[in-house]
Every structure is written in structure tokens, then in C-alpha cells.
Amino acid sequence: MTPIRYDEASRVFLLDTVSTSYAFAATGDGRQVRHIHWGPRVDLESAAAMALSTDAPHAVERITWGGEDPLEYTPWGGQRYDEPSLKVDFADGTRGIEWQVTGHRIERDEGDEGRTTLVLTLEDLAYPLTVDLCYRVFDDSDVIERWARLSNSGSDDPIVVRQALSANLWMPIERSWRLRYLQGGWGSEDQITETVLRPGRFVLESRRGTTSHEASPWFALDPCGEATEEHGAVYSGSLAWSGSWKIVLETTPGGRVHACAGLNDFDAPLLLAPGTELVLPVLAVLYSGAGHGGASRAWHAYQLGHVLSHAARTGGSPSFPARSGPARPEHARRASLVTRPEPGAGEEAVLPPLRPVLYNSWEATGFSVTEAGQTRLAELAAEMGVELFVVDDGWFTGRRDDHAALGDWVVDPTKFPNGLAPLAARVKDLGMGFGLWVEPEMVNPDSDLYRAHPDWTLHFANRSRTERRNQLVLNLARDDVAGWVFATLDRLLTEHEIDFVKWDMNRHLSEPGWPAETGHNPERVWLDYTRNLYAVLDGLRAAHPDVDIESCSGGGGRIDLGMLSRTEQVWTSDNTDALDRIAIQEGFSQAWPAQAMMAWVTDSPNPLTRRRLPLSFRFHVAMAGSLGIGGDLAEWSHEERTEARDLVALYKKIRPTVQHGRLYRLASTRQGPLGAVEYLGPGGYDVVVIAFSGPRPLRPWPSRIRLAGLDEAATYRDCDSGAETSGAVLTHLGLELPTALDATSMLVRLERL
Ligand code: GLA
């Protein structure tokens with residue numbers, strides 16, 4: 001049966017995912033599209049019955065001194081006082097929208113991804129505004145992608161778009177709702193935070209021109225605060241946008257909760273010129289009946305199958321639009337640095353290749369990068385089994401510290417007298433890929449680029465240009481600047497044997513001026529900065545399909561579905577202290593998969609926090625994600641390097657399970673002294689359990705931890721000790737834990753017999 005159906009008699013659209021349904025209907029007069037259901041599966045008959053009861057006269061009128069209609073996409077106009085999805089001005093001064101449904105189409109894409117898209121068209125009754133509401137479902141996921149497309153079909157006047165969100169979502173009627181979201185700051189990203197929604201609006205947002213460390217464009221709501229890790233209903237959303245965004249959670253006077261999300265309207269009216277369209281970013285939404293853990297697993301599977309480095313793997317990502325990226329080639333991914341894993345084949349058909357173990361020199365050398373020093377580190381890294389060697393900041397001309405040279409992307413001849421080629425060749429001889437750090441959106445005032453083009457930065461006339469880390473932001477919204485960034489990186493990647501780019505962004509936007517656009521629409525800088533960023537990334541991916549990209553922004557400042565669809569991985573946080581990482585990683589795992597989560601093992605004491613932790617503890621925490629090493633290896637003892645080599649070898653064994661498996665968060669250090677995660681590999685054969693003591697280890701620690709997702713009738717063998725235990729024992733009694741001491745950790749591998 002087709003996953004999207006339309007019933008003419010009730011005007012109901014019913015979207016079925018693997019285990020959920022989403023339904024809405026056009027009203028009898030075709031003037032509104034009203035939400036009906038989102039949650040467990042319902043049949044078309046039930047959806048039609050719900051549509052008929054909500055379409056009765058006055059069915060949705062409330063004594064709130066205004067209508068309170070649960071609309072799929074709320075046009076501002078009439079007696080509407082809740083958060084609108086869309087607010088526009090027409091040239092003659094009219095500011096409200098009145099529209100009607102004029103058609104729909106359902107498109108089936110039988111390609112690799114098995115996806116079905118519904119486009120429902122609404123047209124203004126008097127003005128040339130057309131809005132397509134788009135919904136996409138996948139054969140193998142409970143995620144629904146929603147977005148909207150606005151068009152000005154006139155030929156004379158622009159339409160001013162004051163607010164245009166991607167989608168509006170109505171929660172079922174419940175006594176109360178609890179919100180979970182991820183907030184933090186530099187070095188403390190992704191802290192899980194919860195609040196009960198009260199009447200009024202709760203806004204999560206970034207006004208920084210980028211995703212931000214301060215909040216993630218992701219949320220999860222559960223009715224009455226009853227969801228637990230593995231039980232209960234969770235309604236979640238994730239926005240595919242790397243510029244300023246907002247998510248509004250509103251409890252209306254009538255007591256209904258709705259969530260709407262999209263581009264931030266702050267300081268951002270947009271002129272929609274005649275004959276043009278604006279495609280809004282995807283809001284991916286998910287209902288899970290299996291608690292926060294179930295929701296996370298569904299998010300992870302969706303991203304592994306349909307988002308991560310998607311454009312590179314499939315030759316296109318139409319639902320994460322860039323503005324004008326060149327057409328992407330239909331190429332196959334190169335053979336990865338590591339081979340594809342293991343049994344259970346079918347499930348992996350579209351999974352991204354496993355990530356190599358990486359070494360990055362930043363914490364070891366800072367800006368003091370030299371050919372000899374990097375070569376020495378590369379040799380030590382290779383001995384440990386590292387597969388990708390990345391030179392961080394400091395390799396380009398004039399870059400002695402963070403005061404100068406951003407923008408001058410030429411190899412420093414004093415540090416690399418023969419260019420990067422000898423180092424890259426040595427790294428490849430050692431069997432590793434070669435990677436390089438760049439921060440292409442930025443410029444130091446002390447640089448040749450700034451001296452030549454001071455007008456290329458964001459700025460207002462007669463106002464300061466505020467520096468952060470001694471740098472300014474290039475106005476990437478300008479096509480000439482974006483073109484220069486593309487050409488510069490294209491040249492760098494063409495002239496050097498580079499396999500991997502760490503793309504950094506070490507400050508947020510300020511003074512978002514664009515003097516040349518004065519009198520036109522300089523505020524579109526907020527939109528076009530990100531659209532051009534996407535276009536540059538897409539263009540580079542097309543031109544250099546073998547180069548992998550990591551998104552970094554002073555740590556985890558730019559992690560979102562828009563970025564993940566164009567990259568292989570993200571830098572989780574500049575804070576590499578393993579104890580701090582436990583909380584950051586638990587937050588990260590709510591929304592994003594382990595494969596994308598870069599986690600380095602660094603020195604002890606940690607350069608940032610000065611905390612000392614055992615090497616095995618630092619490794620175990622990092623092995624819960626995509627493993628990297630970032631310490632000063634020249635300072636590590638022979639014993640430490642030997643232990644590290646063994647742990648890297650162990651990681652390679654568990655890597656397919658961690659990176660492609662299903663995550664169960666067995667215990668949280670937010671709630672007790674023990675944190676533990678379990679990964680169940682594709683097919684359910686391989687199990688990895690990593691347990692670690694949290695910051696307060698001396699509280700009582702349980703003697704066992706119960707595993708999840710196992711076959712109770714099966715027997716599991718410990719890959720190290722050979723001990724055999726039944727799935728029932730592991731599920732109900734649990735796996736035995738060692739006695740907890742300060743910074744205790746353990747890693748257990750089991751295989752199903
Ligand atoms: C940012 C990154 C670090 C490092 C430095 C280099 O802070 O998050 O990992 O690359 O920039 O300047």
C-alpha cells in the first residue's frame with residue numbers, strides 16, 4: 001500500500017511511516033488545512049471520521065477571543081493570535097493572507113531510498129502568492145520531512161516575507177507537556193535540559209547567523225512528562241538549517257500545544273521578487289512510542305540512511321536546499337579508508353562507510369606546526385593504528401597565533417619549505433589519509449585578504465567591526481565572496497593530496513551589514529550567508545568527491561541536519577576532558593548518531609580542565625563515538641603508546657557495532673554514579689557495552705547493569721573471557737560490573753552464538 005493516501009470524500013491525507021501515522025485534511029470550503037492526527041498508526045476510516053468531526057461548524061471555535069484552529073501551516077490573517085507559520089506584506093499594503101487549496105500531487109521515488117513525497121498547493125485568493133506544503137516519508141523510517149516552498153507568481157511587485165517557518169506541528173490534547181532540549185556553550189555543548197511547558201510561548205533560537213553552541217535546533221516533547229528512556233510517547237523535531245533559526249513551543253489559551261520551527265525572523269524581512277521562489281529548510285519530525293531511547297535510535301537510523309554526507313553518497317539532497325550549487329555528479333563513494341563491515345548485509349545497503357581513526361595535532365602543537373614536528377607525530381600515530389592524520393591550525397603563511405593570517409590560505413614556507421607535499425607523502429607512506437584544517441568564512445584584519453578587500457566583511461557604515469578571536473566574518477552572502485571561497489578551497493584541494501578537511505568557524509556573526517545592498521534587501525544576508533555556505537560545500541563535494549569533511553565551529557557550534565547532509569562527521573566539543581564529555585555525549589546522542597560524533601583521546605592532565613584521568617578511561621569514553629587521538633604523542637611513554645595501540649585495535653573491532661549499531665543508553669550519570677551505553681550491531685550479533693563512573697564515583701555503584709534489545713533465548717559469549725551467558729540473564733539480571741573506583745571504566749564485547 002502506498003505510504004501517502006488521499007481520501008476524496010473526507011479530503012483526508014494520511015501519511016504512514018513504519019509504525020506511525022500522520023493525518024490532516026482540507027476543510028470543506030478548501031480554505032484551511034487542519035491537523036488531525038500524529039502518533040500511533042490509524043486507518044483511513046478513523047482519520048476520515050476525525051476529519052469530519054473537526055470540520056463541523058464551530059468545532060474548533062473556543063472562548064479564547066479568537067479562533068484556535070490546529071492548522072498545518074498557519075497563515076497570519078483574520079482572528080489568529082498564535083504563532084503564525086507565514087506572515088507577508090503585499091505591495092498595496094495588504095498584510096493578511098486568505099488562501100485556498102488548489103491541488104496536490106503524490107510522487108513516489110523508487111530509488112535506493114524508497115521515499116514518497118506529497119505536495120499540497122495553496123494559492124492566495126487575490127495576490128500572486130503560492131505556497132506548497134511538502135511532506136516526505138521513507139519506507140524504512142518513522143521520520144517525516146516537512147518543508148514549504150513560497151512563490152511569487154506575479155510579474156510586478158515583490159512580496160515582503162516577514163516570517164516563514166518550515167512547518168507547524170500540533171500535539172494531541174493532553175494534561176501537560178514536558179520539553180527536552182539541548183543547550184550549553186563553548187566547551188559545554190548539548191546539555192540535556194527539561195521543562196514543563198506552561199501557557200505562553202517558549203522559544204529556542206539562534207540569532208547568531210549559525211546553529212550555535214548555545215542551543216541545538218532539536219526538541220523532544222512528551223505528554224505529562226511520562227516518557228522514560230525506553231517507554232512512552234515522544235514527539236521530536238530537528239531543523240535542517242545552519243543559520244539563525246527558531247523553534248517556538250506554544251501553549252495556546254485554549255490549552256493546545258504546538259511546535260513550529262524554521263528560519264529566524266529576527267531582523268530578517270525577505271523580498272520575494274516576482275517570478276521567484278523560496279524553498280524553506282526541512283523540519284524533520286518523528287513520533288516514537290518507545291521513549292527517548294527509541295526516538296534517538298530512530299533519529300540515528302534516519303541520519304545514517306538518509307542524511308549523513310547524503311549529497312556525496314547519492315548525488316543529490318533536494319530536501320536540504322542550497323541556493324545555486326552546481327549539479328552534483330552521480331558518482332559512487334570512493335572505497336573508504338576502512339572496508340565496509342560485517343554480516344547482516346541488507347540493513348547496511350545505504351549506510352555511510354565507517355569512519356577512520358583520526359589523529360589531530362591541535363592539542364599537541366597549537367599553532368607551532370612544522371614539517372619535522374608533524375612528521376614525527378604522524379609516525380607515532382601510525383604506530384598506534386591511526387588511519388587519518390590531520391594537520392590543524394597554523395600551517396599557512398603568517399599564522400603564528402590567532403592574531404593574523406586567516407584569509408591567506410597559502411602554505412607557510414618557513415614551516416614547510418617544500419610545501420605540504422613531503423608531509424602528505426610521508427603520511428600516505430605510513431598508510432594514513434592526509435587531512436587539513438581550514439576556516440574559510442573568516443578573515444583577520446591582519447591579513448593580505450583584508451588589506452585587499454576590507455569591504456568583504458560583514459559591517460555597517462559608521463559602526464565598529466567587532467572582532468572575536470581577532471577575526472571578522474566574510475560576507476558569504478555576496479556571490480563574489482562565496483565564489484572566492486570556493487575557488488580558494490578548490491585550488492587547495494586540487495594542488496594537494498588532501499583526503500579530509502576540518503572546516504572550522506570560530507565566531508558567530510555580528511554587525512550583519514551589507515552596505516552595497518542598502519535600499520534593496522540587506523537583511524537577506526541572514527538567509528544567503530547559509531545558502532551560499534551550502535552551495536560552496538555542495539560545489540566542493542561535487543568537484544572533489546573523494547574528500548571527506550568535518551564540520552567544526554569552535555567545537556560543536558554548527559551541528560544540524562543541514563550540515564550533516566554535507567559532511568561525514570562533526571567536532572563535538574573543544575572540551576576533550578573525558579568526564580565532561582560523558583554529559584556532552586549523552587546530549588549529543590539524543591539527536592545525532594555515534595558515527596558522526598568525533599571523540600578524541602587527549603593528554604592527562606587535560607589542557608583545558610587540568611583533570612587527570614587514566615588512559616583507558618579516556619579511551620573508553622571516546623570509543624563510544626568516532627575515535628580520534630589528539631594528544632602530544634611525543635610526550636606519551638612507551639607503555640602509554642602500547643596501551644593506546646591495543647585500544648585502537650580494539651576500537652577497530654567494535655567500530656561497525658558502534659558506528660552502525662543501535663544505541664541503548666543503559667544508565668546516565670545525570671541520575672547516578674554510573675553511565676553506560678550499549679551498541680547492538682546490525683543483525684543483533686555483536687554487542688558492545690561501555691560503562692564508566694561519572695563525576696561522583698563514590699556514591700554506591702550497582703553490581704550489575706541490565707542490557708537491552710537482546711534475544712532472551714540466545715546465548716552470548718564474552719569475546720575476551722569466553723564466558724557464556726543467556727540473553728535472559730543479561731536482560732533481567734544484568735551484566736556484572738567491576739567495583740567502582742575513581743574514574744572506573746570498562747568495555748565488554750559479546751557475540752550472539
Ligand atoms: C577551534 C577548533 C579547534 C581548533 C582551533 C584551531 O577552536 O574547535 O579544534 O581547530 O579552532 O584554531
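Only this structure's heavy atoms are used, side chains among them; waters, hydrogens and symmetry mates stay out. Read the numbers this way: they start at 1 and go in the same order the structure lists the ligands and their atoms.
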Asks: Give a yes or no answer on whether the side chain of Trp526 reaches the backbone of Asp267 with a donor-acceptor pair at less than 3.5 Å.
Replies: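 Yes; at least one donor-acceptor contact below 3.5 Å.
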Asks: For the residue pair Arg581 and Trp571, would you count it as a cation-pi contact if the rule is NZ or CZ under 6.0 angstrom from the ring centre and within 45 degrees of the ring axis?
Replies: yes
Asks: With a 4.5 Å heavy-atom cut-off, do Leu430 and Phe389 have their side chains touching?
Replies: no
Asks: Not counting sequence neighbours, which residues clear side chain to side chain donor-acceptor pair (under 3.5 Å) with Arg207? List them please.
Replies: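 For Arg207 the side chain to side chain donor-acceptor pair (under 3.5 Å) partners, ignoring immediate neighbours, are Glu205.
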Asks: Quick one: list whatever passes side chain to side chain contact (heavy atoms under 4.5 Å, CB included) with Asp490, sequence neighbours left out.
Replies: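 Asp490: side chain to side chain contact (heavy atoms under 4.5 Å, CB included) contacts with Phe486, Thr494, Leu540, Ala543, His544.
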Asks: Enumerate the protein residues lying less than 4.0 Å from ligand 1, judged by heavy-atom distances, in chain and residue-number order.
Replies: Trp362, Asp392, Asp393, Trp437, Arg469, Lys502, Asp504, Asn506, Cys552, Gly554, Gly555, Trp571, Asp574
Asks: With sequence neighbours left out, write down each residue that passes salt bridge (Lys or Arg N to Asp or Glu O under 4.0 Å) with Arg400, or none if nothing qualifies.
Replies: none
